[in-house]
Amino acid sequence: QVQLEESGGGSVQPEGSLRLSCVSSGHTFSNFAMGWFRQAPGKEREFVASISWNGANTIYADSVKGRSTLSRDNAKNTVYLQMHSLKTEDTAIYFCARAKDLMIAVASNPDDFAYWGQGTQVTVSS
């Protein structure tokens, strides 16, 4: 019954910006940490960012640190990933995920997440 739905992906030129959104339903959203992962063609799924239940703590992959901001609005059951200075290497399907354990603060391991969205495509090209 837990559902996650990503949006905000699309095509953008290098150095451009996008804001990805993930809206959730069917659970007590505010109790759980959330995460973003991505998967490029021919590559393994990799961690992007994670945020704690109250938004106080965030972690980022080195590949996006300094040019991305993760936030959440618990009143709207939504988490956001704002990305700027996008690179061609950022091209991937981006997935939103919810932590499986209430005690998880933030996490980078996909095994720590129980529910996943369908993904939204981000394409960075000239």
Side-chain angles (χ1 to χ4, degrees):
Q1 195 166 335
V2 175
Q3 292 182 291
L4 306 175
E5 185 173 6
E6 304 94 337
S7 62
S11 297
V12 64
Q13 295 183 8
E15 301 301 318
S17 299
L18 285 173
R19 188 181 76 162
L20 307 183
S21 299
C22 173
V23 62
S24 68
S25 62
H27 64 156
T28 306
F29 172 80
S30 60
N31 287 352
F32 293 91
M34 300 291 293
W36 284 93
F37 295 78
R38 66 186 182 185
Q39 187 166 22
K43 296 186 177 181
E44 297 181 352
R45 185 171 297 187
E46 65 174 346
F47 168 74
V48 176
S50 181
I51 188 168
S52 60
W53 68 272
N54 60 357
N57 299 310
T58 55
I59 56 172
Y60 300 89
D62 289 341
S63 58
V64 303
K65 188 178 297 183
R67 56 190 188 91
S68 62
T69 301
L70 187 60
S71 62
R72 66 191 297 165
D73 186 342
N74 287 343
K76 297 180 178 180
N77 291 339
T78 303
V79 62
Y80 306 96
L81 180 64
Q82 177 71 51
M83 304 182 70
H84 61 90
S85 300
L86 285 161
K87 306 175 181 180
T88 57
E89 304 95 280
D90 295 318
T91 296
I93 300 175
Y94 284 70
F95 298 91
C96 174
R98 194 212 78 181
K100 67 179 182 180
D101 191 331
L102 289 167
M103 300 304 296
I104 294 174
V106 290
S108 60
N109 190 335
D111 290 340
D112 289 326
F113 296 87
Y115 299 96
W116 299 77
Q118 292 292 311
T120 185
Q121 177 71 49
V122 172
T123 302
V124 185
S125 66
S126 300

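Since we're looking at a predicted model, the values are computed, not measured. Start at 1 with the first residue, then count along the sequence.
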For Ile59 versus Ser108, what's the shortest heavy-atom pair and its separation? CD1-N, 4.2 Å
What heavy-atom pair brings Lys100 and Ala114 nearest, and what distance separates the two atoms? CB-CB, 3.3 Å
Students should find that the hydrophobic cluster of Met103, defined by side-chain heavy atoms under 4.5 Å apart, otherwise consists of none
Does any part of the side chain of Phe95, heavy atoms only, come nearer than 4.5 Å to the side chain of Glu6, both counted from C-beta? yes
Keeping to residues at least two apart or across chains, list the disulfide bond (SG atoms under 2.5 Å apart) pairs with something in residues 42-126. Cys22-Cys96
Verify, without hydrogens or angle tests, whether Ser52 (side chain) and Asn57 (backbone) share a donor-acceptor contact under 3.5 angstrom. yes
Value for CD (Glu15) from OG (Ser85), rounded to nearest 0.5 Å, stands at 5.0 Å
So, taking the atom named OG in Ser30 and the one named CG in Asn77, what distance separates them when rounded to the nearest 0.5 Å? 7.5 Å
Within the structure provided, determine whether Asp73 and Tyr80 are in side-chain contact (heavy-atom separation under 4.5 Å). yes
For Trp116, enumerate each residue passing the ring pair (Phe, Tyr, Trp, His ring centres under 6.0 Å) test, keeping only those at least two apart in sequence or located in another chain. Phe37
Would you say the side-chain atoms of Thr123 pair up with the backbone N or O of Ser11, donor to acceptor, closer than 3.5 Å? no
Val79: hydrophobic cluster co-members (side-chain, 4.5 Å): Val2, Leu4, Val12, Leu18, Leu20, Phe29, Met34, Trp36, Val48, Ile51, Tyr60, Val64, Leu70, Leu81, Met83, Leu86, Tyr94, Tyr115, Val122, Val124
What distance do Lys76 atom NZ and Ser24 atom OG have between them, rounded to the nearest 0.5 Å? 14.0 Å
Between Ser68 and His84, what is the shortest heavy-atom contact and its length? N-NE2, 4.3 Å
From CA spacing to verdict: salt bridge (charged side-chain N to carboxylate O under 4.0 Å, His left out), Asp90, Arg67: CA-CA 11 Å; Asp90 295 318; Arg67 56 190 188 91; 2.7 Å; yes
Under 4.5 Å between side-chain heavy atoms, chaining through other members, with only Ile, Leu, Val, Met, Phe, Trp and Tyr counted: pull out the rest of the cluster around Trp53, sorted by chain and number. none
Beyond-backbone contact of Pro14 with Ser126, side-chain heavy atoms, under 4.5 angstrom: yes
Provide the closest heavy-atom pair for Gly119 versus Ile93 in the form atom of the first, atom of the second, distance. CA-CG2, 3.8 Å
Residue pair Gln121 / Thr91, side-chain heavy-atom distance below 4.5 Å: yes
Between Arg38 and Ala92 the two heavy atoms that sit nearest each other are CB-CB, 3.8 Å
From Ser21 atom OG to Glu5 atom CD, the distance as rounded to the nearest 0.5 Å: 10.5 Å
Roughly how far apart are Arg72 CZ and Thr58 OG1, rounded to 0.5 Å? 11.5 Å
Which residue pairs pass the disulfide bond (SG atoms under 2.5 Å apart) test when at least one of the two sits in residues 36-66, sequence neighbours left out? none
Can you give me the closest heavy-atom contact between Ala105 and Ala33, atom names plus distance? O-CB, 3.1 Å
